[in-house]
Enquirer: 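The structure is given below, and queries will be raised subsequently.
None of these values were measured; they are calculated from a predicted model.
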Amino acid sequence: MKSTRLTSFILVALVLGLVTGWWVHSAYAAPQAKAIAANLSILTDVFLRLIKMIIAPLVLSTLTVGIAHMGAKDGGASLGRMFGRTLGWFIVASLVSLTLGAVIVNLLQPGVGVGLALPAADAATGLAKTAFNLKDFVTHLVPSSIFDAMAKNEVLQIVVFSVFAGCGLIAIGPAGAPIVRALDAVATLMLKVTGYVMYAAPFAVFAAVAGSIATEGLAIVITFGKFMGGFYLALAILWVLLLGAGAAVIGRARTGGLLKAIREPFLITFATASSEASYPKLLEALERFGVPNRIASFVLPLGYSFNLDGSMMYCAFASLFIAQAYGIHLSLAAQVSMLLLLMVTSKGIAGVPRASLVVIAATLPFFNIPEAGLLLILAVDHFLDMGRSATNVIGNAVAAAVVAKWEGELGATEDGPVLLPA
């Protein structure tokens with residue numbers, strides 16, 4: 001399916017899903033609407049499982065081969081340099097997104113006088129609450145078994161193994177050539193499978209949007225209008241900052257071309273509220289844009305663990321919103337401490353729906369904020385997850401293009417230049 005046709009089908013599916021969901025919510029009682037939404041979710045769940053089926057072998061093959069090719073070029077010297085540049089960009093982007101979320105929520109005060117019945121402080125949320133533990137965080141980075149990591153789609157653990165495997169292939173030289181060729185073939189196969197899976201994307205988009213609207217209705221958007229509007233305003237500002245920073249490095253025309261290149265993965269992620277849903281398509285889009293495979297396959301897996309800009313912003317925004325709703329005043333020092341804690345605990349967030357809520361649930365007790373406050377935002381979390389997940393795509397795409405430019409390897413795009421508005 002051609003890129004433009006798939007984009008059109010996804011947009012049509014979005015509109016049809018919105019209309020269908022509104023009709024179901026209006027025509028059926030709540031239990032029936034939930035049952036219909038549950039049946040629709042089968043399409044979305046199958047699509048996401050198809051995507052997850054691809055991710056582990058795709059990350060393992062592309063990253064390992066990319067590192068091996070780097071070693072063939074300069075003995076591996078570029079690996080450390082590229083890692084340093086990538087990590088530096090991620091840290092700055094993380095600080096910007098967290099700080100921006102805290103600034104906007106403090107300026108708009110969406111939780112003050114929210115007018116909703118506050119859940120009891122001891123109300124159960126249904127989310128696992130795990131306090132941050134440095135030992136568990138560090139040891140979790142290293143897989144006990146690569147097969148277990150691939151079975152669970154632990155992207156960060158797969159990255160760690162791939163780095164070791166890639167460096168090992170550099171060390172053994174020509175003896176590793178058959179392995180490199182085999183992994184190259186695996187990567188090509190996975191990208192071909194991705195093309196087949198994308199045929200199901202419009203159906204998954206339709207089901208995801210229709211199911212959400214059928215359950216919650218459009219009225220929920222009005223009830224939480226200030227909260228949702230404030231967050232999307234913060235996201236819009238973050239988009240401007242990320243794209244502006246990207247334009248400063250790769251140029252305004254190339255940044256416009258990048259937006260055009262990633263429109264499909266952006267739409268897929270927005271509709272399904274899952275960053276993982278677009279990973280294979282985003283990798284393909286970046287290569288088409290001119291980012292070499294070895295760079296894109298290195299930056300993206302790291303980005304999906306360390307550079308989820310939208311998700312990090314939401315963690316800060318939602319945590320402070322809940323504090324405002326309960327009338328809990330947090331000093332500047334406490335808010336800075338919260339941002340630093342989120343800077344660490346948000347790393348490794350799974351790129352799947354609702355993962356940010358688990359991080360928030362683990363953060364609130366540190367500042368004596370009732371975890372039950374999460375119940376305030378559960379009703380609209382899916383609509384916010386759509387925006388924050390799509391922001392993750394933009395952030396990682398810009399990061400990959402910037403690193404490629406810094407490495408002097410950002411090639412020509414298949415599409416013509418697209419200028420951003422002056």
Side-chain angles (χ1 to χ4, degrees), residues 44-69 83 86 137 139-169 176 178-201 204 265 268-269 272-287 291 293-308 311 347-355 358 389 392-393 396-397 399-400:
T44 306
D45 292 344
V46 168
F47 175 73
L48 292 178
R49 289 177 74 89
L50 286 171
I51 290 293
K52 292 184 180 198
M53 174 184 74
I54 300 168
I55 287 178
L58 183 61
V59 172
L60 177 65
S61 58
T62 55
L63 183 53
T64 303
V65 169
I67 292 173
H69 287 330
F83 177 77
T86 302
F137 173 76
T139 54
H140 183 71
L141 298 178
V142 182
S144 57
S145 163
I146 184 56
F147 300 105
D148 180 64
M150 293 183 70
K152 295 179 179 178
N153 263 349
E154 293 282 0
V155 173
L156 195 54
Q157 293 184 0
I158 297 173
V159 167
V160 171
F161 176 85
S162 299
V163 169
F164 276 97
C167 292
L169 287 172
I179 299 177
V180 173
R181 288 195 299 271
L183 289 175
D184 258 329
V186 170
T188 302
L189 172 62
M190 288 302 102
L191 290 174
K192 189 66 175 177
V193 173
T194 298
Y196 299 146
V197 171
M198 284 303 127
Y199 284 111
I268 291 171
T269 300
T272 61
S274 172
S275 300
E276 281 189 347
S278 65
Y279 178 89
K281 200 68 177 176
L282 182 58
L283 180 63
E284 182 182 331
L286 286 173
E287 292 180 23
V291 178
N293 175 271
R294 69 182 189 85
I295 293 179
S297 61
F298 181 84
V299 175
L300 280 189
L302 288 176
Y304 270 64
S305 295
F306 289 101
N307 193 45
L308 298 177
S311 297
K347 302 309 179 190
I349 293 179
V352 296
R354 304 279 173 122
V358 178
S389 297
N392 297 338
V393 170
N396 286 322

Enquirer: For the residue pair Leu58 and Tyr279, establish whether any side-chain heavy-atom pair is separated by less than 4.5 Å.
Expert: yes
Enquirer: My understanding is that only residues two or more places apart in sequence, or in another chain, count here; which of them pass ring pair (Phe, Tyr, Trp, His ring centres under 6.0 Å) with Phe298?
Expert: none
Enquirer: Got a second to check how far Leu60's CG is from Ile146's CD1, nearest 0.5 Å?
Expert: 5.5 Å
Enquirer: Can you see which heavy atom on Ala399 is nearest to which on Asn307, and at what distance?
Expert: CB-ND2, 4.1 Å
Enquirer: Once rounded to the nearest 0.5 Å, what's the spacing between atom CG of Asp184 and atom CG of Asn293?
Expert: 8.0 Å
Enquirer: Could you tell me the separation between the CG atom of Asn396 and the CG atom of Leu302, rounded to the nearest 0.5 Å?
Expert: 9.5 Å
Enquirer: Could you give the distance from OG1 (Thr44) to CZ (Arg49), rounded to the nearest 0.5 Å?
Expert: 13.5 Å
Enquirer: Does Ala397 have any side chain to side chain contact (heavy atoms under 4.5 Å, CB included) partners at least two apart in sequence or in another chain, and if so, which?
Expert: Leu258, Ile262, Leu282, Leu286
Enquirer: Does Val193 have any side chain to side chain contact (heavy atoms under 4.5 Å, CB included) partners at least two apart in sequence or in another chain, and if so, which?
Expert: Met53, Ile54, Leu189, Met190, Val197
Enquirer: Work out which heavy atom in Thr269 is nearest to a heavy atom in Ser278; give both atom names and the distance.
Expert: OG1-OG, 2.7 Å
Enquirer: Return all side-chain donor-acceptor pairs below 3.5 angstrom for residues 159-169, not counting sequence neighbours, or 'none' if the list is empty.
Expert:
residue, atom, partner, partner atom, Å
Ser162, OG, Ile158, O, 2.8

Enquirer: Would you name the heavy atoms of Pro280 and Thr194 that are closest together and state the gap between them?
Expert: CB-OG1, 3.3 Å
Enquirer: Roughly how far, to the nearest 0.5 Å, is the CZ atom of Phe83 from the OG1 atom of Thr86?
Expert: 8.0 Å
Enquirer: Kindly write out the residues that satisfy side chain to side chain contact (heavy atoms under 4.5 Å, CB included) with Ala187, not counting sequence neighbours, or none if the list is empty.
Expert: Ser61, Thr62
Enquirer: Atom CG in Leu300, atom CG in Leu63: separation rounded to 0.5 Å?
Expert: 10.5 Å
Enquirer: Taking all non-hydrogen atoms of both residues, which atom of Val180 and which atom of Ala68 are closest, and how far apart?
Expert: CG2-CB, 4.0 Å
Enquirer: I'd like to check Met198 versus Ile51 (side-chain heavy atoms, cut-off strictly below 4.5 Å). Are they in contact?
Expert: yes
Enquirer: Grab the two heavy atoms, one from Pro265 and one from Ala285, that are nearest each other, plus how far apart they are.
Expert: CG-CB, 4.5 Å
Enquirer: Salt bridge (charged side-chain N to carboxylate O under 4.0 Å, His left out) with Asp45: which residues, sequence neighbours excluded?
Expert: none
Enquirer: Tell me the closest heavy-atom pair linking Ser297 and Gly66, and the distance in Å.
Expert: OG-CA, 4.5 Å
